[in-house]
Amino acid sequence: MAATKSSDSSEAPQTSGSLFPQPKVRGKKKRVSKKNKSAWRKHSDIKDIEDFLDDQRLQLRTGGLVADKADDSLFYVDKQNDNEDEAPMAKKRKKELKPLKIDQIIAGETTVKPVTGHAPPMGSGKVRRKEMKARELEQKTGYISKEKRKKLKLNSVQTGLKKPQAVKEYYDLWGSDTKDKPTEEEEDEYYAQVTGKTRVKVPVRTQTYAKNPSILPKVEVIHPGGSYNPTFEDHQQLLQQAVQSERKKVKDEKKLERQTRLPPKREWATRRDKMKELTEGLLDEEDDEEEEGEEQEGEQSIPKATIRAEDKKSRQKRRKEKEQREQEQQKTADKTKKIKEHEVNRLKAIKKEINALEKKKEERQKKREEIRTQNADKPKRLSRHKYEEPFPEFKLSEELVGTLREFKPEGSVLKDRFKSLQRRNILETRVKAKRQKKFKKKYVEKKQYKEISINV
Amino acid sequence: MGRLMKKKYESGAATAYITRNRAINYLQISLPDFRRLCILKGVYPREPKNKKKANKGSTAPRTFYLMKDIQYLSHEPIINKFREFKVFVKKLKKAFAKAEHGRVETLQENKPVYKLDHIIKERYPTFVDALRDLDDCLCLVFLFATFPQTKNIPGDFVRRCRHLSVEFMNFIVAAKALKKVFLSIKGIYYQVEMQGQVVTWLVPYSFGFNAKACADVDFRVMAHFVEFYITMLGFVNFKLYTSLGLHYPPKLTFEAKLKDDDEKNPYCLESEATGERLAALSASLASVVTQNTEEDEVELDEFEDSRTLEAKQEEEKQKAFQKLFNGLKVFVSREVPREPIVFTVRSFGGEASWDRSVAMGATFDESDETITHQIMDRPKADRQYLSRYYIQPQWLFDCVNAKMLLPVEDYFPGVVLPPHLSPFVEYKEGDYVPPEKEALSRRQQGLDTGDAVSEEADVSEEEEEEEEEGKEEEEIDDEDDEEEEDEEDDDDDDDDEKEEEVQKVERKMPVKRKQDDVPETPPSNMKVKEGKLDYEDASSKANREEWEARKLAILMIPKKRKRLFEKLSKRERRKKHEAKKLTTKREEFEKSQKDMKKKQRLSNK
């Protein structure tokens, strides 16, 4: 009975120990009595003997006891170096292998390779998209992509196609009926979702200005006298215009000439004038010096003010001065206050003043507006150079042939367009920059020609 | 206790505007790139109201842009493409210098390109916006189509421009949208109306490229404009073609037939043939849908309203105008500029052809008996057919501008042509209207049925005046018949005929003068007559009353407005005076001209 009980009790802690392993507590050694044989058997540790016997049995099963075997069959001399790093090496060589400090600095701290945009991991969206595009292109045009050519080991000549032929795809830019295309609002929403920003919109002023930067028509039709076979009056009118512009041109030229012309000879500087100019201020030197001397004497004659002890302001005097100052200030302040208070009575006059001011302002605005409307059809000043009206195209009376066959056109349409763009404030006027010579030409006399070139 | 002083030039105009150089720095691109970007995006320089403030105190003349514009430009993705292109050029140069031909090839294969689609959508949110801005576009595209390829004109600009302009002309022909044509000394002005938008453009005459005439033009800038307009016109053309249900890229209906004809005498490569045939403008375009009967007309409800009636009449007029040359078969001689002629004839429903040896796409020969008009521009024809009119090219354009078929007699070969009037001039009341225009407007209103009647009257009067020339007059009366009879006669006879015609025109003018002169010298036979009762006419009475009322109204004008009224009436009077002066001048001129001719004739005799 007792034996079964003890076995029960011994089993319980074992199972519990396997399920819930408890930390070993190094405490007092458990004392057990080994008074009878069974207790002795139970508590004595024979694990090492059993292990030894198991080992021996294993050895017997797998080719005999090791203890009985000869040394040669058990060991061999290892002549190979299987760990090179740890191989014996000269000290000098070891030093050489160690990376230099400078290399270490350059190498940086991390060994993790940087992320590059060039080679995305296989199977990612970008690669797939690229492949799909290439496949599409191949289907449409027969163009084999570079990657595929590499894979197939073909060169561009073998494929027979050098460049992808442009596939013209026509589509309606302003079409709204396409179902698969998202509307602009949807696109904007998507853009905002993805980027967290709103899309950049065209500034309103830009768009309205771009539509018509000038009130002039886009294409100005020539005067009716510019017909290839005009009526008499129209042609005369056109000629009149041409004459007027020519006259103006001549007048301007004359004015410029007049302004830059040399003065008549009698007004030219003579030798004496030049001499006088050169000696200006030198001849009356003596007088100046005298004056200067006098001045200096005068300065010296004035005695310098000396500060005496009795001139120092007393505290009382200072206080009184201060009081006076304050009084004066108070007085002026009172006066301004009084004036302000009395301004209530001046209300009518003030109103009148304000009205007058406003009227003046309005008038000025009106005037400015008028000037603006007057100059609306004139080109604005957009750069350093002023816009120059091109000379009107015309044909002289004797040049009018009357038939289309013998007729020769006048002017250039390209120039007309260019000037129109300038007139309509789309282009700023510019003058073609002359290319400056970078270096001056240098003339060097060579030895062998020295005899020939005399003029130096 | 001073406030913090507000610093100068930190707000207002100084920050609203930016100079060009600063803008370039801001965007970090080169000046040419900046110019291109501005042109593509439609950002133009501005003139600040106060330049000194915008220029931070300096008065130096500068080019300004709005800061907002430049900020907006900085978001443009094309800037990146510009930068990429810069890098590409650098690489290419290097590869060239190192003679690495393989690398050059690969680089050129991967040349960065940019698209302008999004910019066009941005600048022209709707199709109508694009149409409104088409004038400039058409001018430049048609102009560049005539250019030779030079170093200043990059890429295949010329070819593309030609392509697009031909497409556009074909559309105008198909839509019958042409409204006005004006042959000026500069070039030919065309005006069309598409979807309610009136577009005018200028096409140069087909002469050689004159580099001298446009020496001071910046070609680079113009090329940027053209670059943009090419893309724009491509989209516009597509939209226009689809709106009419036509094939795009355009297809011809009789392509197969034309092909057969052209194979006999090929002018160009097989690959270019389609384009050339299209450029000929002689065949109509194929539509996507099988053509149903003419046009689907929407039946409108009828309202008894003057406005709707007017609108209806206007519409009918328009339709009649579109069919102006319907049934006309025009043959174009080789000395006549073909493209404008064929374009005008075809866009008013006529048919046109030319000699096969001139160009591709001829649809019928000169020997075709059904030809109604032959356009020629030389004094006499080699061979004349009875069944057709021989006329000078101006007739077509004058007909278009007059919106009616004018009598052909004034436009026979060798005849002094009537002046070619500008259709773009609008005469206001009181303006001077040249007599030619007056006659035309009378004819348009149906008051004057043509020259036939007046001619007879002229002739009868002339007979009275100059009996000697009676014989010749008879000849002129029968002239039309004669012309037909003369068809197979010798050249000499033709010459005579022409001379006669010239004489006829010369003679017509003095006759008019005589008409005017007759009442000036009444026979002096003074007599005392029996008196008559003076009945007051009702209409004259009404007139007088009206005049009185007007006078009263003028009297009642307050002093404030009186000055303005006087100013206006003075202006009117001056205008009238000027017009009168011009008419008298004209009359004098004509008189002197006639006298001269008369003297000449006398001296000849």
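Numbered from 1 within each chain, the chains take letters A, B, ... in sequence-line order.
Residues of residues 418-430 of chain A that come within less than 4.5 angstrom of chain B, heavy atom to heavy atom, are A:Phe418, A:Leu421, A:Arg424, A:Asn425, A:Ile426, A:Leu427, A:Glu428, A:Arg430 in numerical order. Residues of residues 366-379 of chain A lying under 4.5 angstrom from chain B, judged on non-hydrogen atoms, are A:Arg372 by number.
To the nearest 0.5 angstrom, A:Asp172 atom CG is 8.5 Å from B:Phe127 atom CZ. The CZ atom of B:Arg46 lies 7.5 Å from the NZ atom of A:Lys380; values are rounded to the nearest 0.5 Å. Note that CG of A:Leu173 and NZ of B:Lys239 are 9.0 Å apart. Values are rounded to the nearest 0.5 Å.
Formation of a donor-acceptor pair under 3.5 Å by the A:Lys218 side chain with backbone atoms of B:Arg132 is found in this model. With hydrogens and angles disregarded, no donor-acceptor distance shorter than 3.5 Å links the side chain of B:Ser184 to the backbone of A:Ile222.
Heavy atoms closer than 4.5 Å to chain B are found in the side chain of A:Gln207, but not in its backbone. Residue contact with chain B, scored on non-hydrogen atoms closer than 4.5 Å, involves the side chain of A:Lys432 exclusively. Looking at A:Pro409, both its backbone and its side chain come within 4.5 Å of chain B, counting heavy atoms on both sides. Neither the backbone nor the side chain of A:Asn212 comes within contact range of chain B; no heavy atoms are under 4.5 Å apart.
Ring pair A:Tyr171/B:Phe235: centre-to-centre distance below 6.0 Å. For an aromatic pair to be called close, the ring centres must be under 6.0 Å apart, and A:Phe407 with B:Tyr205 satisfies this.
Between A:Tyr228 and B:His420, the ring-plane angle classifies as tilted under the 30° and 60° cut-offs.
Between A:Thr206 and B:Asp69, the side chains place a donor N or O and an acceptor N or O closer than 3.5 Å (distance only, hydrogens not considered).
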